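All values below were derived from every heavy atom in this structure, side-chain atoms included, with hydrogens, water molecules and symmetry-related copies excluded. If you're wondering where the values come from, they're calculated on a predicted model, not measured in any experiment.
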Amino acid sequence: MKERLIRRVGRIISGSFNALVDAVENAAPETVMEEAIREVDAAIDEVRAELGKVVARKHLATTKLMEENGKHEDLGAKIEMAVRESREDLAEAAIATQLDIEAQLPVLESAIEDCRHEEKELEGYLGALQGKHRQMLDELRQYKVNVAQSSQSSGPDGSSGNVSESTGKASKAEAAFKRAMEAVDNCQ
């Protein structure tokens, strides 16, 4: 699942919001933008859930490490007392248990370090997704402003009569087409 989540986050962050909208120009771009924002929200929720699991695993491993360190120290005191009382059988049993604990400590420390690394990675993904979310919201707001301005500047028949505005729209459409073609070329 983690690999799927990482690929999804990468796709969302690297994807061009404008290219998505341009690709479905006549299919309710505002709706498409809002759906893309909902997808980012869902990805943020997934990353947060995964981050919570990692933090919990790190906490459990840290707690276990502290318990084992405590047992190790306690056994050290018991070994000293068993040696003073010439109870070699108790000292040997305590030493064997202490060695078992010493074998587990590096594994626990490694698990904690892995969790720290994964936590940092997920926090990075979360920050990137939150940044992308803000960017997409800004672009949606700008789109709505542009649509409102466009409808205000249109004449009664829906045309603005402004040749430079039409040329700008044509240039924008051409640029969108080129981006779509580049995306297709990059996929092959």
Side-chain angles (χ1 to χ4, degrees), residues 1-21 23 31-141 182-188:
M1 177 172 130
K2 184 175 181 236
E3 289 299 319
R4 185 179 67 86
L5 181 61
I6 291 170
R7 283 194 310 270
R8 183 174 178 200
V9 169
R11 180 181 51 79
I12 289 171
I13 297 303
S14 65
S16 170
F17 197 49
N18 289 329
L20 173 67
V21 173
T31 303
V32 172
M33 292 170 134
E34 290 169 348
E35 180 59 33
I37 290 170
R38 282 191 290 277
E39 182 180 353
V40 171
D41 287 337
I44 287 171
D45 291 342
E46 282 184 47
V47 171
R48 280 187 178 139
E50 190 67 27
L51 181 59
K53 291 175 187 176
V54 169
V55 169
R57 281 196 320 263
K58 183 177 82 172
H59 174 73
L60 290 174
T62 302
T63 302
K64 182 71 173 168
L65 179 65
M66 290 187 309
E67 287 174 7
E68 294 302 317
N69 277 327
K71 286 180 187 177
H72 190 272
E73 289 176 17
D74 185 47
L75 285 169
K78 288 180 180 179
I79 291 169
E80 287 179 24
M81 185 171 49
V83 169
R84 276 194 309 261
E85 294 178 4
S86 299
R87 294 287 315 259
E88 292 179 20
D89 58 327
L90 293 177
E92 286 178 17
I95 289 171
T97 304
Q98 207 174 31
L99 289 172
D100 291 342
I101 290 172
E102 288 173 1
Q104 294 175 14
L105 294 179
V107 174
L108 290 169
E109 290 168 349
S110 177
I112 293 168
E113 188 57 36
D114 289 346
C115 287
R116 280 187 187 127
H117 174 72
E118 195 172 348
E119 181 180 11
K120 184 177 179 182
E121 183 180 28
L122 288 169
E123 285 173 346
Y125 290 147
L126 187 58
L129 282 169
Q130 289 170 335
K132 186 67 170 182
H133 185 263
R134 286 187 296 272
Q135 176 188 2
M136 292 170 84
L137 285 175
D138 288 344
E139 289 177 6
L140 177 60
R141 279 192 283 276
E182 288 172 2
V184 169
D185 290 341
N186 290 337
C187 290
Q188 295 176 352

Mind listing the closest non-hydrogen atom pair of Glu139 and Met33 along with its distance? O-CE, 4.0 Å
Check: Glu118 and Glu50 side chains under 4.5 Å, non-hydrogen atoms: yes
Could you pull out the closest heavy-atom pair between Val54 and Leu122, with the gap in Å? CG2-CD1, 3.8 Å
One should read off an interatomic distance between Ile37 CD1 and Leu140 CG, to the nearest 0.5 angstrom, of 4.5 Å
Out of curiosity, Lys58 NZ to Leu65 CG, how far, rounded to the nearest 0.5 Å? 13.0 Å
At what distance, to the nearest 0.5 angstrom, does CG of Asp41 lie from NE2 of His133? 3.5 Å
Considering the options Gln135, Arg141, Met136, which one meets the side chain to side chain contact (heavy atoms under 4.5 Å, CB included) requirement together with Asp138? Arg141
Return a table of donor-acceptor pairs under 3.5 angstrom between the side chains of residues 87-94 and protein atoms on other chains or two or more places apart.
residue : atom : partner : partner atom : Å
Arg87   : NE   : Asp89   : OD1          : 3.4
Arg87   : NH2  : Asp89   : OD2          : 3.3

Looking at Leu75 and Gln98, what are the two nearest heavy atoms and their distance? CD1-N, 3.8 Å
Please collect all salt bridge (Lys or Arg N to Asp or Glu O under 4.0 Å) contacts where either partner lies in residues 63-77, sequence neighbours excluded, each pair once. Lys64-Glu68, Glu68-Lys71, Asp74-Lys78
Counting only N and O atoms by type, is there a donor-acceptor contact under 3.5 Å from the side chain of Ser110 to the main-chain atoms of Pro106? no
May I have all residue pairs that pass salt bridge (Lys or Arg N to Asp or Glu O under 4.0 Å) and include part of residues 101-116, sequence neighbours excluded? Glu113-Arg116
State the CD1-CG distance between Ile44 and Leu126, to the nearest 0.5 angstrom. 6.5 Å
Distance, nearest 0.5 Å, that separates CZ of Arg57 from NZ of Lys53: 8.5 Å
Distance check, rounded to the nearest 0.5 Å: Ile112 atom CD1 versus Thr63 atom OG1? 8.5 Å
